[in-house]
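Worksheet: one structure, shown below.
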Amino acid sequence: MPPRAAGAPTVGRILIVDDETRMTDSLCALLARAGHSTAGAYDADGAERLLDQDDFDVVLTDLRLPGPSGLDVLKAAHANDPERPVIIMTAYATLEAAVAAIGEGAYDFLIKPVDQHELELTVARALDRRRLQKATRKLVDELRTSNEQLSRRVAELDALHEVSLALSTTAELPKLFGAILQRATTVVGAKHGSVMLLQSSGLLKIVAVHGKESRHLENTEIPVGNSIAGWVAMHGEPLLIEDVESDPRFAHRNRPQFETKSLMCAPLRTPNGTLGVICLSDRHDGASFSHEDLKLLSTVATQAAIAIEDSQNFQTVRRQLREATALHQLSEQLTEVERTDQMVMAVFACLDQLVVCDSLQWWLWDSVSQSLRLYADTTQAHLPDIDNALAAALPVSA
């Protein structure tokens, strides 16, 4: 319907119900000349059938009809649209009848024979009210949708702020993986999740898991080419699967631990490459994940990847600093030692800071027997004198 000009009457779809055929046809013709689209019925049953088939803006019905009355037409008109204006007509006007009609929700009450000008004016007012009701309902719906979107966005921003704060204050990788997964599942509303890192061997190693009955999966290694997570790692792209069983790429990889068929994964990617993936499954509300959920997970994954790379770089620098410090201390000590046992102890102390091992051993070369002899072992309480190092000989050929 084209927009009406300023000051022009509102036109609409009108249903007229009257058991007098001439009255129904006459009113239909009259309102049609005023620009309205009309349809007529001669009893309540016929009116209900038309109401089921079409969306009328206004219903104009006689109060007295054969069988069910005009009040029954009113109830049928309001059954699927409580705000639809219904105008009651009657030739037997009484205060009680008017009160009853208005009490049932009638918009207005007209006395038969109906005055043409009054009819057109009443219908025009009813259509204006209808138009305003629709505009108000649309505005309320749009406002509700906007508020819901705004509330979700605020919640997402708050969650992302918490993620950023948690990642910026966690330097140790094991704690960092747990923080990433905890925040991601909370933000998206997922029951289960995992963080996997790419290994030099080409496998994906699960370094953190979330959810009941998932702890046994931690430290599991998965071939990249044999998993959904591997697909994400290889392509470096986030992935949303609404129904894993109907996806021809992954249907054979479904796992019984998934409560729902929906899951999503995002790569832990930095400018230097893909470090791994983060995967979530099973929304708390049982629904499928949405593209908005995937965008949110991708944002978390980007922050997490930067935090992981920073943490790895920090660990590398700290290890290098520890090695340099230990070697510097060793070089200073070696300039002051006077005996072999002092040198051995200094070297052992340095190695103890750099490597993790159960024991350290020092072997001396015996040029006479052309063999190696054990001189010192950290599992022994004391170091023997160099001249009495009689530990088991180890021939060179061994």
Side-chain angles (χ1 to χ4, degrees), residues 1 4 7-144:
M1 186 180 298
R4 65 187 183 118
T10 303
V11 295
R13 182 81 170 133
I14 315 296
L15 173 62
I16 297 101
V17 188
D18 198 305
D19 60 326
E20 296 182 23
T21 305
R22 285 196 309 168
M23 176 62 75
T24 301
D25 295 344
S26 175
L27 291 174
C28 284
L30 179 64
L31 292 173
R33 283 197 299 271
H36 303 296
S37 173
T38 62
Y42 308 107
D43 56 26
D45 292 337
E48 288 189 25
R49 285 194 295 271
L50 289 174
L51 285 167
D52 289 338
Q53 297 169 8
D54 206 340
D55 181 23
F56 293 96
D57 296 305
V58 175
V59 176
L60 181 65
T61 179
D62 192 10
L63 181 60
R64 291 192 176 185
L65 296 171
S69 70
L71 293 181
D72 293 303
V73 175
L74 184 150
K75 292 176 183 177
H78 284 176
N80 58 2
D81 190 347
E83 295 181 347
R84 187 183 351 241
V86 178
I87 302 170
I88 301 294
M89 303 180 295
T90 183
Y92 308 94
T94 65
L95 179 60
E96 291 78 7
V99 170
I102 299 301
E104 290 290 340
Y107 170 72
D108 210 339
F109 198 88
L110 296 177
I111 306 301
K112 296 172 71 175
V114 178
D115 178 78
Q116 177 180 344
H117 178 70
E118 184 181 5
L119 172 63
E120 291 178 351
L121 185 60
T122 302
V123 169
R125 288 201 310 265
L127 286 170
D128 278 336
R129 177 184 177 183
R130 175 75 165 170
R131 177 178 58 83
L132 290 173
Q133 287 173 335
K134 285 187 174 181
T136 301
R137 189 186 312 125
K138 180 181 178 182
L139 184 61
V140 170
D141 290 342
E142 291 175 351
L143 183 60
R144 182 183 299 110

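Because only heavy atoms are used, hydrogens play no part in the values below, and waters and symmetry mates are left out as well, while side chains stay in. What you see is a predicted model; the values in this text were computed from it and never measured.
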key: For the student: nearest non-hydrogen atoms of Ala76 and Glu48, plus distance   = CB-CG, 3.6 Å
task = Using a strict 4.0 Å threshold on nitrogen-to-oxygen distance, state whether Asp54 and Arg84 make a salt bridge.
result = no
message = Please evaluate residues Lys112 and Leu110 with respect to the criterion side chain to side chain contact (heavy atoms under 4.5 Å, CB included), reporting the C-alpha separation (whole Å), side-chain torsions for both, the decisive distance (0.1 Å), and the verdict.
response = CA-CA 7 Å; Lys112 296 172 71 175; Leu110 296 177; over 6 Å; no
inquiry  = Please determine whether side chain to side chain contact (heavy atoms under 4.5 Å, CB included) holds for the pair Leu60 and Tyr107, giving the CA-CA distance in whole Å, both sets of side-chain angles, and the decisive distance to 0.1 Å.
reply    = CA-CA 10 Å; Leu60 181 65; Tyr107 170 72; over 6 Å; no
note = OG1 of Thr38 to CG of Leu30, rounded to nearest 0.5 Å, is 10.0 Å
task = Taking all non-hydrogen atoms of both residues into account, name the closest pair between Ser69 and Ala44 and its distance.
result = O-CB, 4.3 Å
note = Scanning both residues in full, the closest heavy-atom pair of Ala126 with Pro85 reads O-CG, 3.6 Å
task = Without swapping roles, check the side chain of Asp62 against the backbone of Leu65 for a donor-acceptor pair under 3.5 Å.
result = no
query = Side chains of Asp108 and Arg125: closer than 4.5 Å at any heavy-atom pair?
reply = yes
query = Which value, rounded to the nearest 0.5 Å, describes the distance between Leu71 atom CG and Ile88 atom CD1?
reply = 5.5 Å
request  = Keeping the roles fixed (side chain from Asp52, backbone from Arg49), state whether a donor-acceptor pair exists under 3.5 Å.
outcome  = no
ask   = In Å and rounded to the nearest 0.5 Å, what is the CG to CG distance from Asp18 to Leu63?
value = 11.0 Å
ask   = Are Leu50 and Phe56 close enough that some pair of their side-chain heavy atoms sits under 4.5 Å apart?
value = yes
ask   = Of the options Val17, Leu74, Val73, Val58, which is the one that meets Val86 in a side-chain contact (heavy atoms from CB on, under 4.5 Å)?
value = Leu74
request  = Could you tell me which non-hydrogen atom of Ala34 sits nearest to which non-hydrogen atom of Glu120, and how far apart they are?
outcome  = CB-OE2, 4.4 Å
Spacing of CZ belonging to Phe109 relative to CE belonging to Met89, to within rounding of 0.5 Å = 10.5 Å
ask   = Atom NE2 of His117 and atom CG of Leu119: how far apart are they, to the nearest 0.5 Å?
value = 10.5 Å
request  = Go through Asp55 and Arg13 one step at a time and tell me if the side chain to side chain contact (heavy atoms under 4.5 Å, CB included) criterion holds.
outcome  = CA-CA 8 Å; Asp55 181 23; Arg13 182 81 170 133; over 6 Å; no
inquiry  = With a 4.5 Å cut-off on side-chain heavy atoms, are Leu127 and Ile14 touching?
reply    = yes
inquiry  = Looking at every non-hydrogen atom in both residues, tell me the closest pair between His36 and Val11 and how far apart they are.
reply    = ND1-CA, 3.4 Å
Partner of Ile87 by side-chain contact (heavy atoms from CB on, under 4.5 Å), out of Val59, Val123, Ile16, Val114 = Val123
message = Set out, in order, the CA-CA distance, both residues' side-chain angles and the distance that settles salt bridge (charged side-chain N to carboxylate O under 4.0 Å, His left out) for Lys134 and Asp57, then state yes or no.
response = CA-CA 10 Å; Lys134 285 187 174 181; Asp57 296 305; 3.3 Å; yes
query = About how many Å separate CZ of Arg22 and CG of Leu27, when rounded to the nearest 0.5 Å?
reply = 12.0 Å
task = Mark yes when over 12 heavy atoms from residues, nucleotides or ligands other than Arg64 sit less than 6.0 Å from its CZ; otherwise mark no.
result = no
